[in-house]
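So you know, we letter chains A, B, ... as the sequences are listed, proteins then strands, and number each from 1.
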Amino acid sequence: GAGVSQSPSNKVTEKGKDVELRCDPISGHTALYWYRQSLGQGLEFLIYFQGNSAPDKSGLPSDRFSAERTGGSVSTLTIQRTQQEDSAVYLCASSLTSGALNEQFFGPGTRLTVL
Amino acid sequence: AQKITQTQPGMFVQEKEAVTLDCTYDTSDPSYGLFWYKQPSSGEMIFLIYQGSYDQQNATEGRYSLNFQKARKSANLVISASQLGDSAMYFCAMKSGGTSYGKLTFGQGTILTVHP
């Protein structure tokens, strides 16, 4: 596709349920990032993948959060036993990894609401 | 640790005037990149401009320019000839390290409102 796509665009779930958020990066982009945007915390880094290297998980807020990237392309962010404080917009981005600039291109986000 | 500070929660500007959005940063890494993104009410993050720490000249992209003052650790965004469509949230972000990939650290953002 032309840009980063994310699904679903909106997700409403009940506290305690698990959710999966999907990200399809731009074709050929080897780096993929997950961020979270919430009212109180702004934009926070969660995790990123670069090629076959071990992902940088340093931003994951708890062990309820995990992510995987299959085949170097699509990524899934999983939140287990959701809590109300998990409500936020989850943004995915991708970038090339050659050259100096490598701006990150963002998807439209998934708005997660935990009731 | 990296930190980005945007001290202006909101800014107002008259259409066709120029406006400066402030951004200061802190990092101990000598190699870093500074980015500005625009987020309209629709929610998408739009890349505007980039400045590398070793770049000798200030970056410019159309009506956007980045006033990079390395000694002051500031990277202010200047928008010339503001348009109504410039009304949005603007984020300053930084990536540290010598690799061409890596996480972005964002500031809290500045909401810009352009008046007709």
Side-chain angles (χ1 to χ4, degrees), chain A residues 2-6 9-10 23 25-26 29-60 67 69 72 88-112, chain B residues 1-9 23 27 30-57 59-61 64 66 75 77 88-111:
Chain A
V4 177
S5 60
Q6 293 185 245
S9 54
N10 279 286
C23 172
I26 293 173
H29 281 194
T30 56
L32 185 148
Y33 311 80
W34 284 98
Y35 296 88
R36 177 169 73 173
Q37 185 173 23
S38 53
L39 279 177
Q41 301 296 324
L43 265 156
E44 306 171 274
F45 164 76
L46 297 176
I47 184 172
Y48 85 82
F49 300 86
Q50 162 45 28
N52 295 321
S53 304
D56 179 344
K57 304 179 182 180
S58 60
L60 294 178
R69 189 179 184 192
V89 176
Y90 289 81
L91 293 165
C92 176
S94 69
S95 71
L96 290 168
T97 55
S98 59
L101 175 47
N102 307 116
E103 71 268 31
Q104 294 179 18
F105 294 87
F106 284 78
T110 293
R111 182 175 296 278
L112 175 66
Chain B
Q2 307 168 43
K3 188 175 181 181
I4 291 278
T5 302
Q6 294 180 254
T7 57
Q8 305 156 316
C23 172
T27 179
S31 177
Y32 52 89
L34 296 156
F35 301 76
W36 277 91
Y37 282 86
K38 172 184 178 181
Q39 188 178 43
S41 56
S42 54
E44 75 267 34
M45 294 283 284
I46 303 167
F47 166 74
L48 295 178
I49 195 167
Y50 165 84
Q51 181 84 41
S53 58
Y54 295 119
D55 292 344
Q56 295 297 313
Q57 297 194 340
T60 59
E61 286 288 344
Y64 304 108
L66 201 153
L77 176 71
M89 174 78 91
Y90 288 80
F91 290 98
C92 180
M94 176 172 63
K95 179 176 69 66
S96 285
T99 59
S100 55
Y101 57 90
K103 65 183 181 184
L104 291 174
T105 299
F106 286 87
Q108 291 297 315
T110 296
I111 299 175

TODO: Let me know if B:Gln39 has heavy atoms under 4.5 Å from chain A in its side chain, its backbone, both or neither.
DONE: side chain
Task: Part of A:Leu91 within contact of chain B (heavy atom distance under 4.5 Å) - done: side chain
Open item on the list: Under the criterion side chain to side chain contact (heavy atoms under 4.5 Å, CB included), I'd like the reasoning laid out for A:Tyr33 against B:Leu104: C-alpha separation, chi angles, the key distance, then a yes or no.
Closed with: CA-CA 9 Å; A:Tyr33 311 80; B:Leu104 291 174; over 6 Å; no
Task: Interchain contact, A:Ser58 with chain B, by part (heavy-atom threshold 4.5 Å) - done: side chain
Task: Straight-line distance of A:Glu103 CD to B:Ile46 CD1, nearest 0.5 Å - done: 13.0 Å
TODO: Measure the spacing between CG of A:Leu46 and NZ of B:Lys103 and express it to the nearest 0.5 Å.
DONE: 10.5 Å
Task: Pairwise distance OH(B:Tyr37) to CZ(A:Phe106) - rounded to 0.5 angstrom - done: 5.0 Å
TODO: Using non-hydrogen atoms and a 4.5 Å limit, figure out which bit of A:Gln37 sits close to chain B: side chain, backbone, both or neither.
DONE: side chain
Task: Nearest-0.5 Å distance that lies between atom CD in A:Gln104 and atom CZ in B:Phe35 - done: 6.5 Å
